[in-house]
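Notes to accompany the following structure.
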Amino acid sequence: MQKGRIVIVGTGIMLGAHMTPVAKSHLQAADVVFAAVTDGITEQWLQTMNPDVRSFAPLYELGKSRHQTYQKMIELMLAEVRAGKFVVGAFYGHPGVFAYAPHKVIELARQEGYEAQMLAGISAADCLHADLGIDPGRVGCQYYEASQFMFYQRKIDPSAYLVLWQITLAGDRTIARFDTGEAELELLVELLSPQYPPEHQVVIYEAASMPFEQPRMEWISLGDLPKARLTLKSTLVVPPALPLQKNDLMLARLQALQQS
Ligand SMILES: C[S@@+](CC[C@H](N)C(=O)[O-])C[C@H]1O[C@@H](n2cnc3c(N)ncnc32)[C@H](O)[C@@H]1O
């Protein structure tokens, strides 16, 4: 029997436009493809490349913990690897960006002695940097998952960009909802208030997922976030509230080094 192996690929964000040639060739060669994509059209597109595409979509249910869903995905993929199959897991965007199951299945498959690899894909982050013209190297850029940002003590740098992922789930402690309410977002605005005033301009960003769509880049005041229309695709971008602050002490020490 051939030894099982797994490759996790990203399908990108825009249907039919973002998948890398190497991801496509693995999809075509796989014995079985598991698909965690955002819509039926993308699933149909994957079916044109491989006759055995199995959707993870039915695993998501309102009121069911997403941890259980991710666990099931991992079990399903590993079972086929153990059965000697060449398995491809196709996850939307970049499979390693804000995604638990892809990293975990690779770790577990390797622990069991199987070959396992992740290939990079085009993430919502890549689209965001292009559409909004934000170079993370200019003043820096902080990425957080919105709920984790609320649950733990974090030190924000208000002179860098702040990007909050899964903003529509902000503050969800059940991990079983598809959105949260105004009250949770009010708390997020309050949490940000020492660094960012309510009139600070932020962007609700949604990259285009269909070739005929335009990205959503809606500027609003931070204080209006609780009433804003948010979807599962929304990412919140908070531009810097302060210019870069010089570290005079370090600069003086560096200068002293260069003079010695
Ligand atoms: C579980 S993460 C998956 C991200 C995905 N792996 C990627 O590489 O883009 C889901 C979050 O990604 C962001 N996201 C997904 N699709 C998006 C889109 N079309 N535009 C902007 N952000 C998006 C949102 O913050 C969403 O809540």
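These numbers were taken from a predicted model, which means no experiment stands behind them. We count ligands from 1, going down the list as the structure has it; atoms in each ligand are counted the same way.
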Q: Answer yes or no on whether Lys3 is positioned over the face of Tyr114, meaning its NZ or CZ is under 6.0 Å from the six-membered ring centre and within 45° of the axis.
A: yes
(Q) Suppose we measure from atom 10 (C) of ligand 1 to each protein heavy atom; which comes out shortest, and what is that distance? (A) Tyr92 OH, 3.1 Å
Q: Using a strict cut-off of 4.0 Å, indicate which atoms of ligand 1 neighbour a heavy atom of Ile13.
A: 9 (O), 19 (N)
Q. If you count the atoms of ligand 1 from 1 in the order shown, which ones are under 4.0 Å from a heavy atom of Gly93?
A. 7 (C), 8 (O)
(Q) Below 3.5 Å, N or O to N or O, backbone or side chain included: is there any such pair between His94 and ligand 1? (A) yes
Q. Any N/O of Lys233 closer than 3.5 Å to an N/O of ligand 1?
A. yes
(Q) Using a 3.5 Å distance criterion without hydrogens, assess whether the side chain of Asn50 forms a donor-acceptor pair with backbone atoms of Val33. (A) no
Q) What is the closest protein heavy atom to atom 12 (O) of ligand 1, and at what distance does it sit? A) Trp165 CE3, 3.3 Å
Q.
Less than 4.0 Å is my threshold; does some heavy atom of Pro215 fall inside it relative to ligand 1?
A. no
(Q) Within the 4.5 Å heavy-atom criterion, are Ser234 and Gln166 side-chain neighbours or not? (A) no
Q. Should the heavy atoms of other residues, nucleotides or ligands under 6.0 Å from CD of Gln111 be counted, would the total exceed 12?
A. yes
(Q) Below 30° counts as parallel, above 60° as perpendicular, anything between as tilted: where do the rings of Tyr196 and His200 land? (A) tilted
Q.
One thing to verify: whether Asp52 and Arg54 come together as a salt bridge, which I'm taking to mean a side-chain N less than 4.0 angstrom from a carboxylate O.
A. yes
Q. In this structure, which one of Asp224, Thr168, Leu236, Leu230 forms a side-chain contact (heavy atoms from CB on, under 4.5 Å) with Leu185?
A. Leu230
Q.
Between ligand 1 and Val97, is the shortest N or O to N or O distance under 3.5 Å?
A. yes
Q | Same apolar cluster: Val7 and Ile106, side chain cutoff 4.5 Å | A | no
Q.
Can you report which non-hydrogen protein atom sits closest to atom 24 (C) of ligand 1, along with the distance?
A. Thr235 OG1, 3.2 Å
Q. For the ring pair (Phe, Tyr, Trp, His ring centres under 6.0 Å) test, which of Phe149, Phe151, Phe98, Trp165 pairs with Tyr144?
A. Phe149
Q. Out of Pro102, Ala125, Gly96, Ala207, whose heavy atom is nearest to atom 19 (N) of ligand 1?
A. Ala207
Q: Specify the protein heavy atom at minimum distance from atom 2 (S) of ligand 1: its residue, its atom name, and the distance to 0.1 Å.
A: Phe98 O, 3.4 Å
Q: Quick one: look up the protein heavy atom nearest atom 26 (C) of ligand 1 and list residue, atom name and how far away it is.
A: Leu232 O, 3.2 Å
(Q) Closer than 4.0 Å to some heavy atom of Glu206 - which atoms of ligand 1 meet that? (A) 20 (N), 21 (C)
**Q.** Proximal atoms of ligand 1 relative to Tyr205 (non-hydrogen, under 4.0 Å)
**A.** 21 (C)
Q: Measure the distance from atom 7 (C) of ligand 1 to every protein heavy atom, then report the residue, atom name and distance (to 0.1 Å) of the closest one.
A: Ser123 OG, 3.5 Å
Q. Would you say Ala124 and ligand 1 have an N/O pair spaced under 3.5 Å apart?
A. yes
Q: Run the numbers on Gln201 and Ser221 for side-chain hydrogen bond (donor to acceptor under 3.5 Å, both in side chains), then give the verdict.
A: CA-CA 5 Å; Gln201 294 296 295; Ser221 297; 3.1 Å; yes
